[in-house]
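Below is one structure, written out as structure tokens; comments come after it.
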Amino acid sequence: MRSFTHVTAGSLAEACALLSEAGGKGRANAGGTDLLGVLKDGIHAQGPELIVDLKAVSGLAEVSREGDEVRIGALATLASLDRSTLLRETLPLLVQAAHAVGTPQVRTMGTVGGNLCQEVRCWYYRYPRHVGGPVGCLRKGDGPCLAVKGDNRYHGVFGGRGCFAVCPSDLAVALTALGAVVDIAGPDGSRREVAVEDLYEPTTLTLAPGELLAEVRVPVPARPTRQTFLKFTVREPVDFAVVSVAASLDRDGPGCRDARIVLGGVSPRPHRALQAEEVLRGGDVDDQTAARAGEAAVAGAKPMRHNAYKIGIARTLVERAVRACLDA
Ligand SMILES: Cc1cc2nc3c(=O)[nH]c(=O)nc-3n(C[C@H](O)[C@H](O)[C@H](O)COP(=O)(O)OP(=O)(O)OC[C@H]3O[C@@H](n4cnc5c(N)ncnc54)[C@H](O)[C@@H]3O)c2cc1C
Ligand code: SF4
């Protein structure tokens, strides 16, 4: 492990200021479940010179309701989402997604901000120092994407531009289906808001040095909606999604007023399956409609050499998620 300066920030503003001063050479540490692995494996050629610990920042771990919104602090743990009565009653999709993350240990330490901002799991990007890494690639600003000609079985089938690593966050998929936004704090006391899916650019996050997630705001549906999160993994139950789906249906008897269908594990950002939503919106929904939504969800997929199998999984998961919303 390389040496670095470690500072415990007393406030979000202080953390932003410290990270801004450090330019790109500082990193925030929340639960540390991703960051410490990244540091120990030495996956980057240069380690950070400054680590700013966020754990002592108060007021950022709450889950509360304000009017038509649920506000979730960036330091709220995944375990706290999993056991939240408020979320269970208002946004059950989020509880299911939080529960689907890793192990109880990871959920106990891992935070919402860290889950959304964790580094990608592409095995070229993560090649550890102790077995000959790190290796450079486009995402690291050092060479071409190695997955294009290499083993891309876990990479994206939609929307890769340069980098084909998939967004690893289960929460991002559920939050996108719920229409959530993240509130981002900047070093000069500024605040800005982006939709969760817009946090992810093709090769990076849309965060400047010194910017940190402060909280996530999720609109509470005006009417009760049917919500389902499903995830296909290689190693149940402790694994990242090969493909996941978050579905939220606003039902009206047999009909469907509105639908949000979002796929995970298929793209560098949560992938809105807009054509599937179109199939579901405004008509009656039954098993046949669910199957058509599954077909529509994968229209336009562009598999790489080794990952066409993801298309069949995505189609089936969407169909099953819609059917689960019918049964709920
Ligand atoms: C064994 C294992 C299994 C896992 N399985 C899954 C899974 O199935 N699904 C899934 O979604 N995830 C999975 N994960 C990832 C896990 O969810 C994340 O490691 C965790 O949520 C990160 O939270 P943290 O607070 O520990 O982040 P940290 O490790 O502290 O930080 C992660 C990154 O986010 C940045 N960061 C932290 N907080 C903020 C903030 N407020 N604003 C901006 N940047 C910030 C840090 O600088 C760092 O780059 C798994 C991890 C492990 C180790
Ligand atoms: S998919 Fe992205 S992270 Fe993986 S090798 Fe290519 S550029 Fe790097």
Side-chain angles (χ1 to χ4, degrees), residues 9 12 15-16 19 26-39 43-44 48 51-55 57 60-61 73-79 81 97-127 134-152 154-156 160-174 182-185 199 202-205 207-216 231 233 235-242 244 264-265 268 304:
L12 195 61
C16 290
L19 290 166
R27 297 293 293 277
N29 182 36
T33 59
D34 185 48
L35 182 68
L36 296 193
V38 164
L39 297 184
I43 68 169
H44 294 293
I51 302 283
V52 178
D53 201 322
L54 304 179
K55 286 187 204 69
V57 175
L60 281 190
L75 291 178
T77 63
L78 302 169
L81 267 53
H99 188 76
V101 172
T103 58
Q105 292 90 335
V106 171
R107 297 195 291 273
T108 299
M109 290 303 294
T111 64
V112 170
N115 184 269
L116 293 175
C117 296
Q118 62 181 292
E119 295 193 46
V120 294
R121 288 274 152 183
C122 167
W123 47 23
Y124 297 106
Y125 185 90
R126 291 254 174 184
Y127 207 72
V135 295
C137 74
L138 189 91
R139 193 176 187 94
K140 291 178 175 173
D142 177 20
C145 171
L146 301 170
V148 171
K149 291 188 179 163
D151 189 333
N152 43 44
Y154 297 126
H155 290 74
R161 271 190 289 140
C163 172
F164 299 88
V166 299
C167 170
S169 165
D170 284 331
L171 282 194
V173 178
V182 281
D183 179 21
I184 298 168
L199 199 51
T203 58
T204 185
L205 295 174
L207 294 178
E211 283 194 320
L212 289 170
L213 305 198
E215 68 175 7
V216 180
K231 176 168 160 182
T233 59
R235 297 172 304 174
E236 277 191 75
V238 185
D239 212 349
F240 290 86
V242 171
S244 65
M304 301 174 84

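Order of appearance sets the numbers: ligands from 1, and atoms from 1 within every ligand. This is a predicted model, so every value here is computed, not measured.
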* Donor-acceptor pair, Lys231 side chain versus Ala97 backbone, under 3.5 Å? -> no
* Where is the nearest protein heavy atom to atom 15 (C) of ligand 1: which residue, which atom, and how far? -> Gln118 OE1, 3.2 Å
* Does an N or O from Pro168, backbone or side chain, lie closer than 3.5 Å to an N or O of ligand 1? -> yes
* To do: Return the residue, atom name and 0.1 Å-rounded distance of the protein heavy atom closest to atom 37 (C) of ligand 1.
  => Gly114 CA, 3.6 Å
* Give the atoms of ligand 1, by number and element, whose distance to some non-hydrogen atom of Ala74 is under 4.0 Å. => 41 (N)
* Indicate, as side chain, backbone, both or neither, the part of Lys231 found under 4.0 angstrom from ligand 1 when only non-hydrogen atoms are considered. => side chain
* **Heavy-atom gap Leu60 to ligand 1 smaller than 4.0 Å** => no
* Return yes or no for this condition: an N or O of Glu119 is under 3.5 Å from an N or O of ligand 1. => no
* Atom of Asp170, atom of Asn115 and distance for their closest heavy-atom approach -> N-OD1, 4.0 Å
* Close side-chain approach of Val52 to Leu212, heavy-atom, < 4.5 Å -> no
* Starting from atom 50 (C) of ligand 1, which protein heavy atom do you reach first, and at what distance in Å? -> Phe240 CZ, 3.3 Å
* What's the shortest heavy-atom distance between Ala28 and Leu54, and which atoms? -> CB-CD1, 4.0 Å
* Atom indices of ligand 1 within 4.0 angstrom of Thr33 heavy atoms, with elements -> 18 (C), 19 (O), 20 (C), 22 (C), 23 (O), 24 (P), 26 (O), 29 (O), 53 (C)
* Asked: So do Val166 and Phe240 actually touch side chain to side chain, heavy atoms under 4.5 Å?
  -> no
* To do: Within a distance under 4.0 Å of any heavy atom of Gly31, pick out the atoms of ligand 1 and give their elements.
  => 24 (P), 25 (O), 26 (O), 30 (O)
* Below 3.5 angstrom, do we get any N/O pair linking Glu211 and ligand 1? -> no
* To do: Considering heavy atoms of the protein only, find what lies nearest to atom 35 (C) of ligand 1 and give residue, atom and distance to 0.1 Å.
  => Cys117 CB, 3.8 Å
* Selection from Leu213, Asp53, Thr77, Asn115 by shortest heavy-atom distance to atom 42 (N) of ligand 1 -> Leu213
* Asked: Has Val106 got any heavy atom lying under 4.0 angstrom from an atom of ligand 1?
  -> yes
* Looking only at heavy atoms of Ala100, does any of them come nearer than 4.0 Å to an atom of ligand 1? -> yes
* Mind running side-chain contact (heavy atoms from CB on, under 4.5 Å) on Leu213 and Leu207 for me, showing each step along the way? => CA-CA 9 Å; Leu213 305 198; Leu207 294 178; 4.1 Å; yes
* Structure fact -> CG of Asp239 to OG1 of Thr103, rounded to nearest 0.5 Å, is 11.5 Å
* To do: Could you tell me which atoms of ligand 1, counted from 1 in the order shown, lie closer than 4.0 angstrom to a heavy atom of Ser169?
  => 11 (O)
* Asked: Which protein non-hydrogen atom lies closest to atom 47 (O) of ligand 1, naming both residue and atom, and how far is it?
  -> Ala28 O, 2.6 Å
* **Worked check of side-chain contact (heavy atoms from CB on, under 4.5 Å) between Leu81 and Arg107** => CA-CA 9 Å; Leu81 267 53; Arg107 297 195 291 273; over 6 Å; no
* Quick one: closest heavy-atom pair of Tyr124 and Val135, and the distance? => O-CG2, 2.9 Å
* Any chance you could measure Leu205, atom CG, to Leu199, atom CG, to the nearest 0.5 Å? => 5.0 Å
* Output every pair passing salt bridge (charged side-chain N to carboxylate O under 4.0 Å, His left out) with a member in residues 137-146, not counting sequence neighbours, ordered by first then second residue. => none
* Heteroatom proximity flag, Leu36 to ligand 1, N/O under 3.5 Å -> no
* Check whether any side-chain heavy atom of Val120 lies under 4.5 Å from a side-chain heavy atom of Pro268, and answer yes or no. => no
* With a 4.5 Å heavy-atom cut-off, do Val148 and His155 have their side chains touching? -> no
* Can you check side-chain contact (heavy atoms from CB on, under 4.5 Å) on Tyr125 and Ile43, steps first, answer last? -> CA-CA 7 Å; Tyr125 185 90; Ile43 68 169; 3.8 Å; yes
* Any N or O of Arg27 closer than 3.5 Å to N or O of ligand 1 -> yes
* Quick one: look at Ala30 and ligand 1, take heavy-atom pairs under 4.0 Å, and tell me if it's side chain, backbone, both or neither. => both
* Assess Gly37 for proximity to ligand 1: is some non-hydrogen atom of it under 4.0 Å away? => no
* Asked: Going by distance only, is there an N or O of Asp239 that falls short of 3.5 Å from an N or O of ligand 1?
  -> yes
* To do: Give yes or no for whether the N/O distance cutoff of 3.5 Å, strictly under, is met between Leu171 and ligand 1.
  => no
* Quick one: which residue pairs count as a salt bridge (charged side-chain N to carboxylate O under 4.0 Å, His left out) with a foot in residues 113-127, not counting sequence neighbours? => Arg27-Glu119, Asp34-Arg121, Asp34-Arg126
* Asked: Minimum heavy-atom separation for Gly73 to Val112, with atom names?
  -> O-CB, 4.1 Å
* Minimum heavy-atom distance between Thr203 and Cys163, given as atom pair plus value -> CG2-CB, 3.8 Å
* How would you list, by chain and number, every residue that makes a side-chain hydrogen bond (donor to acceptor under 3.5 Å, both in side chains) with Asn152, sequence neighbours excluded? -> none
* Over all heavy atoms of both residues, which pair between Leu60 and Leu12 is shortest? Give the atoms and the distance, please. => CD1-CD1, 3.8 Å
* Asked: Gly113 to ligand 1: N or O pair under 3.5 Å?
  -> no
* To do: Determine whether Leu116 and Leu171 make a side-chain contact, defined as any pair of heavy atoms from C-beta on separated by less than 4.5 Å.
  => yes
* Structure fact -> Nearest non-hydrogen contact to atom 11 (O) of ligand 1 from the set Leu35, Leu205, Asp170 belongs to Asp170
* **Cut-off under 2.8 Å, centre atom 8 (Fe) of ligand 2, protein N/O/S atoms** => Cys137 SG
* Structure fact -> Judged by heavy atoms only, the candidate from Gly32, Ala241, Ala98, Gly102 nearest atom 3 (C) of ligand 1 is Gly102
* Asked: Counting each atom of ligand 1 from 1 as listed, which ones have a heavy atom of Leu78 under 4.0 Å away?
  -> 17 (O), 21 (O)
* Work out whether the distance between some heavy atom of Asn29 and some atom of ligand 1 is less than 4.0 Å. => yes
